[in-house]
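The structure under discussion appears below in the form of structure tokens.
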Amino acid sequence: MIASAPAKVILFGEHAVVYGRHAIVSAINLRCYVKVERSNEIRIKSPIGITGLDFEVHPYVSYAIKRFREIKPINGVNVEIRSEIPVASGLGSSSAVTVAVLKALDGEFETGLSDEEIFEIARKVELDVQGIGSGTDPFIATFGGTWIVPERKAVKIGKIRLIVVNTKEKSVTAEMVKKVAELRKKYRNIVDGIFDVIDAITLNSVDALEKGDIKTISELFFFNQCMLKAIGVSNRKIEETIEKLRELGVSAKITGAGGGGCVVGIGDEGSMLSALKEFSGFLVEPGAEGVRFEDKF
Ligand code: PMV
């Protein structure tokens, strides 16, 4: 049985969302594919390597199998992973693999799990591995689409394309969240003020996203990036990338925790295509479909 689940980008509101403000998160058409077959032993094959149940090397897949076994006590399974999603870059690769593994297991072993149930198990796996987590990544990987959080209300996004550029520097979410918390301890009123501005930017973006209004989205990306820079989660590589993208006519911001990872940008099609010649990245469509079975691996 084969299943796939999508990557995600945070379009607006990262970090502020940790302090109760809004964020907009969207599934994109980069996917993680998982093939499972019944077997007498557990074997996990991915670009990282081949292991058995291994909570160090393949933590998300191993915990997904462990949690699935609580529902159906299977002896073994062959799991193979192929992913288009760069890892540790804020695009939700861990949740995509978790959700795709659960869906493929569900199909292979005929457990008839609903997407809601798959999400609940994936949420447990996120906590098994990370100890904490907002649950947003497994939610998006399962249901796809574009959502405003914390309400989890769907946003009907217009037909737009975005560019995602990988700075190739690692983004460590826990480190960045801690850095922001420390800044907020010292400058509580200033940082909370910045979060309020980010909240306003996010709320303003809903209409622009629904209309596919590239100009307004560009302006709001710029505002949001200035605020992310102000709270210290940008760095030189990110700023240089964003500056070069701007010269090419693409407005971009960090997506996710920052300190590395990816930036997301928007511009007219020609500008984005010329940006792709200079950067390692992808043109993506927001609002991609959630977890699903596949015919091909
Ligand atoms: O880089 P990611 O995908 O882990 O996103 C982190 C988003 C934060 O707002 C910084 C943290 C969070 O849990 O929402």
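Atoms within each ligand, like the ligands themselves, are counted from 1 in listed order.
- When hydrophobic residues (I, L, V, M, F, W, Y) are linked wherever their side-chain heavy atoms come within less than 4.5 Å, the members clustered with Tyr33 are Ile2, Phe297.
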Extract all donor-acceptor atom pairs below 3.5 Å that involve side chains of residues 84-102 and protein atoms in other chains or at least two apart in sequence.
{"unit_1": "Glu84", "atom_1": "OE1", "unit_2": "Arg31", "atom_2": "N", "d": "2.8"}
{"unit_1": "Ser89", "atom_1": "OG", "unit_2": "Pro86", "atom_2": "O", "d": "3.1"}
{"unit_1": "Thr98", "atom_1": "OG1", "unit_2": "Ser94", "atom_2": "O", "d": "2.7"}

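- The one candidate from Val125, Val36, Thr111, Ile121 that meets the side-chain contact (heavy atoms from CB on, under 4.5 Å) condition with Phe68 is Thr111.
- Listed for the Lys179 side chain is a donor-acceptor partner under 3.5 Å among the backbone atoms of Gly232.
- By the 4.5 Å side-chain criterion applied to Ile, Leu, Val, Met, Phe, Trp and Tyr, Val57 is assigned to a cluster that also includes Ile48.
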Which pairs of N or O atoms, one from ligand 1 and one from the protein, are separated by less than 3.5 Å, and what is the distance for each pair?
{"unit_1": "ligand 1", "atom_1": "1 (O)", "unit_2": "Ala257", "atom_2": "N", "d": "2.8"}
{"unit_1": "ligand 1", "atom_1": "3 (O)", "unit_2": "Lys8", "atom_2": "NZ", "d": "2.6"}
{"unit_1": "ligand 1", "atom_1": "3 (O)", "unit_2": "Gly90", "atom_2": "O", "d": "3.3"}
{"unit_1": "ligand 1", "atom_1": "4 (O)", "unit_2": "Thr173", "atom_2": "OG1", "d": "2.7"}
{"unit_1": "ligand 1", "atom_1": "9 (O)", "unit_2": "His15", "atom_2": "N", "d": "2.9"}

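- A cation-pi arrangement is absent between Arg123 and Phe139 under the rule of less than 6.0 angstrom and at most 45 degrees off the ring axis.
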